[in-house]
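Step one of this worksheet: look at the structure below.
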Amino acid sequence: MSITGINSITYSTERIAECAKFFADWGLSPHASAPNCWQTLNGSEVRVTAHDTRDFPPAIEPGPTIRQIEWAVSAPQVLTSLAQKLPGAALANGLLTAIDPHGISIQFSVDRRTRVDVQGAAFNPFGREARIDTPSPIYERATPIEIGHVVLFTDQLAQAEAFYENLGFAVSDRYPGRGVFMRGAPEGGHHDLFMLQVPGKAKGLNHVAFTVRDIHEVFGGGMHMSRCGWKTQLGPGRHPISSAYFWYFESPCGGLIEYNADEDHLTAKWQPREFQPGPTMFAEWAIDGGIDGHTRRQPNVEAGGKFLTEKR
């Protein structure tokens, strides 16, 4: 019995109409019956509400930001077990509601996401050819499969790590005294939650990541967002710690938003590693400014209408 992922996240912003266009371009589908709510392929939800809402504790930072994370659990009995670890939490109608050390509303409910029959492309590493007589896919846009993880700025790293570890989260890797990667169960993707403590920076939202099929969909989704006029923060690129490919965009809902694919899969045998934070630990490689969706090149880099391999 464990925490299996993210059922939903809720943002607050005054830019709700802009968010509707953003999430449509991002590749989410509008919820059939809930307003200002969008879904990934497996049914995990993104909800948006007004920034002055009184449905949640006060926002942890000014402006658009995250207001609630609803974690999925494997069985109803997990809710009872978690309630015993969360003094003051409310358990009603299958929802366990509490507040984390940052002041963010957290909920737990039985996993309601659905299994989807999608697979990433096979790869042909030397000596292990898996894609035979089949070209790799090209995506014109992305359709995210699920909400992959949330990253928060924290001003109380040790307390927050202890809080989530008490709920069953496992440490995957860490920057000692600066950050910790945690997953909801001993076996799963590299992290569901990353908390980063930056000297002099208050708590807040860093980004929310959405899992797509493979690196090809990271590229296709990112270039579609570029064609739609949304601004790249960084990417595409690759994280050396989780091995995942990424592309980050600025979000009208607060923080950044990420396409993410091919992260490490860990088990209970995994031993957490320790790293010193720095640019090379964040990205093995990355393209500053993204790739222009029209020219298929880095913005402001002229190719002169020729193939890059042509002699001039």
Side-chain angles (χ1 to χ4, degrees), residues 6 9 11 18-19 21-29 38-42 44 46 64 66 118-121 123 136-153 179 181 189-194 196 205-265 278-301:
I6 299 174
I9 58 168
Y11 292 99
E18 189 177 356
C19 288
K21 182 179 186 311
F22 183 88
F23 287 125
D25 292 340
W26 190 249
L28 306 186
S29 300
W38 296 267
Q39 294 180 306
T40 64
L41 287 179
N42 74 353
S44 52
V46 176
I66 195 166
V118 296
Q119 291 184 341
F123 285 82
S136 291
I138 296 174
Y139 295 90
E140 287 301 314
R141 59 178 303 164
T143 49
I145 300 165
E146 65 181 6
I147 301 171
H149 62 256
V150 175
V151 176
L152 302 173
F153 289 116
F181 298 87
H190 182 269
H191 59 282
D192 300 301
L193 177 67
F194 176 45
L196 178 64
L205 172 65
N206 180 278
H207 74 266
V208 176
F210 289 75
T211 304
V212 295
R213 293 165 178 80
D214 49 40
I215 186 175
H216 309 296
E217 194 172 12
V218 170
F219 280 111
M223 287 192 287
H224 175 74
M225 292 295 286
S226 173
R227 287 192 295 272
C228 291
W230 302 107
K231 185 178 178 181
T232 291
Q233 191 268 347
L234 185 69
R238 181 179 181 269
H239 293 303
I241 292 181
S242 67
S243 302
Y245 297 101
F246 66 81
W247 196 328
Y248 293 94
F249 285 84
E250 296 181 1
S251 168
C253 292
L256 304 173
I257 193 167
E258 175 191 9
Y259 286 129
N260 179 281
D262 197 26
E263 69 174 333
D264 294 326
H265 187 88
T280 58
M281 283 295 95
F282 175 75
E284 177 193 21
W285 58 269
I287 298 175
D288 187 18
I291 299 175
D292 179 78
H294 299 285
T295 66
R296 311 294 175 124
R297 295 178 172 85
Q298 190 175 7
N300 303 318
V301 176

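What you are looking at is a predicted structure, and each value in this text was computed from that prediction instead of being measured. Numbering starts at 1 and runs along the sequence shown.
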Within-4.5 Å side-chain heavy-atom neighbours: P236 and I291: yes
Mind checking whether V46 and I147 have side chains closer than 4.5 Å, heavy atoms only? yes
How many angstroms lie between atom [atom1] of [X] and atom [atom2] of [Y], to the nearest 0.5 angstrom?
| X | Y | atom1 | atom2 | answer |
| --- | --- | --- | --- | --- |
| S242 | F181 | OG | CZ | 7.0 Å |
| L196 | L152 | CG | CG | 10.0 Å |
| R141 | D25 | CZ | CG | 6.5 Å |
| S243 | E284 | OG | CD | 8.5 Å |
| D262 | T211 | CG | OG1 | 11.0 Å |
| S136 | I215 | OG | CD1 | 10.0 Å |

Just wondering, are more than 12 heavy atoms of other shown residues or ligands nearer than 6.0 Å to NZ in K21? yes
For [X] and [Y], work out which heavy atoms get closest and say how close.
| X | Y | result |
| --- | --- | --- |
| A261 | V212 | CB-O, 3.8 Å |
| P299 | D292 | CD-N, 4.0 Å |
| N260 | A209 | CB-CB, 4.3 Å |
| G290 | I287 | O-CG2, 3.3 Å |
| Y259 | P144 | CE2-CG, 4.0 Å |
| I66 | V150 | CD1-CG1, 4.2 Å |

Do the side chain of [X] and the main chain of [Y] share a donor and acceptor less than 3.5 angstrom apart?
| X | Y | answer |
| --- | --- | --- |
| T40 | I145 | yes |
| E263 | H190 | yes |
| R213 | A121 | no |
| E140 | H224 | no |
| R227 | G293 | yes |
| E250 | Q233 | no |

Applying side chain to side chain donor-acceptor pair (under 3.5 Å), can you list everything that pairs with T232, at least two apart in sequence or on another chain? W247
S251 meets the side chain to side chain donor-acceptor pair (under 3.5 Å) criterion, sequence neighbours left out, with none
Stepwise, does the side-chain contact (heavy atoms from CB on, under 4.5 Å) test hold for I6 with S44? CA-CA 7 Å; I6 299 174; S44 52; 5.8 Å; no
Please determine whether ring-ring contact (aromatic ring centres under 6.0 Å, His included) holds for the pair H216 and F123, giving the CA-CA distance in whole Å, both sets of side-chain angles, and the decisive distance to 0.1 Å. CA-CA 11 Å; H216 309 296; F123 285 82; 5.6 Å; yes
Would you say the ring centers of F194 and H207 fall short of 6.0 Å from each other? no
Passes side-chain contact (heavy atoms from CB on, under 4.5 Å), I257 versus F22? Steps please. CA-CA 11 Å; I257 193 167; F22 183 88; 3.4 Å; yes
Between Y248 and H239, what is the ring plane arrangement, given parallel below 30°, perpendicular above 60°, and tilted in between? perpendicular
Please step through side-chain contact (heavy atoms from CB on, under 4.5 Å) for the pair W26 and F249, ending with a clear verdict. CA-CA 10 Å; W26 190 249; F249 285 84; 3.8 Å; yes
Begin with the C-alpha distance, continue with both residues' side-chain angles, and end with the deciding distance and a verdict on side-chain contact (heavy atoms from CB on, under 4.5 Å) for D214 and Y245. CA-CA 8 Å; D214 49 40; Y245 297 101; over 6 Å; no
